[in-house]
Number of protein chains: 2
Amino acid sequence: MAQSKSAADNGNRESERRRTILRAAIDVFARKGYHGCRIADVAKEAGVAYGLVYHYFKNKDELLETVFDTGWSGFVTRVRAVVEGEGPLSAKVHGVVDVAFEAYRVDPRAVKVLILEIARSPAGSRINRQTAFVDAIRLSSELFIRAKEAGELRADTDPLLSSALLFGAIEMGLTAFVTGLADSRDAQALERAKAQIADTFLHGVLADASPGAETAAWKPEKPSSEKSSTKSKAPKRT
Amino acid sequence: MAQSKSAADNGNRESERRRTILRAAIDVFARKGYHGCRIADVAKEAGVAYGLVYHYFKNKDELLETVFDTGWSGFVTRVRAVVEGEGPLSAKVHGVVDVAFEAYRVDPRAVKVLILEIARSPAGSRINRQTAFVDAIRLSSELFIRAKEAGELRADTDPLLSSALLFGAIEMGLTAFVTGLADSRDAQALERAKAQIADTFLHGVLADASPGAETAAWKPEKPSSEKSSTKSKAPKRT
DNA sequence: ACGCCGGCTGATTGAAGAATCAACCAGTCG
DNA sequence: CGACTGGTTGATTCTTCAATCAGCCGGCGT
């Protein structure tokens, strides 16, 4: 709003103020949860008046919805890119995990809100947030459907469930950091967790009875650990 | 105790009424969520007067806390039994998954409450529910610590994270049923999901490059599939 | 200069619902 | 049989917020 205010704002549904409020909402939601915070808290955090929140958002629910959609659509877009891209299954699985962890690295608070508020829908609320999660799971189940047809997967796996399990593992892995079970300041730990999630999902936890070949395929493969980070460093609007 | 009411009740902190209210609370929480329901709803469901809820529980929060602790402690007890029991790692992992799914079979509503209300805590509330989850994860991480020392696990696995991933997979697998992504009336589907969760966790999703031996070890191993169910059929106080 | 316009303010209101409490009643005991 | 106890009731009170709205600036056009 520094220069062209009214003009730009009219055409652009994203005024500086609005973004400030959205940012504040993410922080407060992350700290106290959706139900645990009052609009007053958000306004205070944003350094604006109570009523201004209602100038930009119809009500508290729309505010959460916006926070949610913004963050989630960015995530889903990037997951879709991975799923629809080229390469072997294992690379894609690593890719999906990367996307999730990169999102966390960029904006842990936002991820915390997405993860923590995801399940609970205040009954009346429009789009059930579970639906969003389900969509993401369905989306990446494509991956497993195709992989299964190609014979890359064991025969007795259900693609949808596989997809759910991957997201479950990612979610809980992230939760470990979100809740402080693991130290999220430790970049090393994040990298290791990322690798372990994908590897466990692909190969299991057990020490492989068949040594060499299979096992060797995924471990030394991480010299360019930054490669994937770069890919998912795409702009994240929050 | 069925006859002698007042006498027994004095000594027994579990009067019939109290249990009725608890049961009603579980059902209403499962249906509308903690925040989405009024104490009036719980009272109506239980067929008692509004005020009686406050006779047995200090406030709404204590009610949720009790619902939570009751269900959770039962689950943790059974998980502990599995973890501290005898047998190879793979059997125990299957055992933990069994416990979770059996709990769901016995009382899906209660599990729904535990899963859905687990993450977010109303700020002021005493024991953070996340703590409970973290405890369970820590508990079963023992499993992986010991297994790792015994060389059963790949060297680069963090036991705590492994434990988290297992629970993440279980949770999301269960969530698939809770949210209706998968049909929970289908007993077959439940059995298959159970098997797939444990198998994926132990061996990964990939078609095993090394056939026979390793793969054969876990699949035919489930002739006595009721064994574990029986074990976890222990009294569940709700 | 001046007043108009639109972003902005924050005290006020009204609803929702948690928690209270005084009265009620069904047994029990003396 | 009549005092007494303690579980039970639900209208009433009290608190908390979401949402409103009457007006306040400060820039901009005239």
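All of these numbers come straight from a predicted model, not from anything done at the bench. A note on names: the letters A, B, ... follow the listed sequences, proteins ahead of strands, and every chain is numbered from 1.
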A.B. asks: So, is B:His55 close to the D:dG7 phosphate, meaning a side-chain N or O under 4.0 Å from OP1 or OP2?
C.D. replies: yes
A.B. asks: Starting from P on D:dT20, measure out to CZ on A:Phe57 and report it in whole angstrom.
C.D. replies: 15 Å
A.B. asks: Can you tell me if CZ on A:Arg109 sees more than 12 non-hydrogen neighbours from other groups inside 6.0 Å?
C.D. replies: no
A.B. asks: Kindly write out the residues that satisfy side-chain hydrogen bond (donor to acceptor under 3.5 Å, both in side chains) with B:Glu171, not counting sequence neighbours, or none if the list is empty.
C.D. replies: none
A.B. asks: Please report, rounded to the nearest Å, how far the C1' atom of C:dG6 is from the CD atom of A:Glu16.
C.D. replies: 18 Å
A.B. asks: For DNA chain C, which residues of residues 38-53 of chain A approach it to below 4.0 angstrom with any heavy atom?
C.D. replies: A:Val48, A:Ala49, A:Tyr50, A:Gly51, A:Leu52
A.B. asks: Between B:Arg17 and D:dG7, is there a side-chain N or O to OP1/OP2 distance below 4.0 Å?
C.D. replies: no
A.B. asks: Can you list everything that forms a ring pair (Phe, Tyr, Trp, His ring centres under 6.0 Å) with B:Phe101? Sequence neighbours excluded, please.
C.D. replies: none
A.B. asks: Between D:dC17 atom C1' and A:Tyr34 atom OH, what is the distance in whole Å?
C.D. replies: 12 Å
A.B. asks: Would you kindly give the CG-to-P distance between B:Asp61 and D:dT16, to the nearest whole Å?
C.D. replies: 15 Å
A.B. asks: With A:Thr200, which residues qualify under side-chain hydrogen bond (donor to acceptor under 3.5 Å, both in side chains), at least two apart?
C.D. replies: none
A.B. asks: Which residues pass the side-chain hydrogen bond (donor to acceptor under 3.5 Å, both in side chains) test with B:Arg17, not counting sequence neighbours?
C.D. replies: none
A.B. asks: Could you state the atom-to-atom distance from NZ of A:Lys60 to P of D:dT20 in whole Å?
C.D. replies: 15 Å
A.B. asks: List the residues meeting ring pair (Phe, Tyr, Trp, His ring centres under 6.0 Å) with B:Phe201, not counting sequence neighbours, and say none if there are none.
C.D. replies: B:Phe144
A.B. asks: Nearest whole Å is fine: how far is C:dT20 C1' from B:Asn59 CG?
C.D. replies: 13 Å
A.B. asks: Between C:dG7, D:dA19, C:dA18, which one does the side chain of A:Tyr56 approach most closely?
C.D. replies: C:dG7
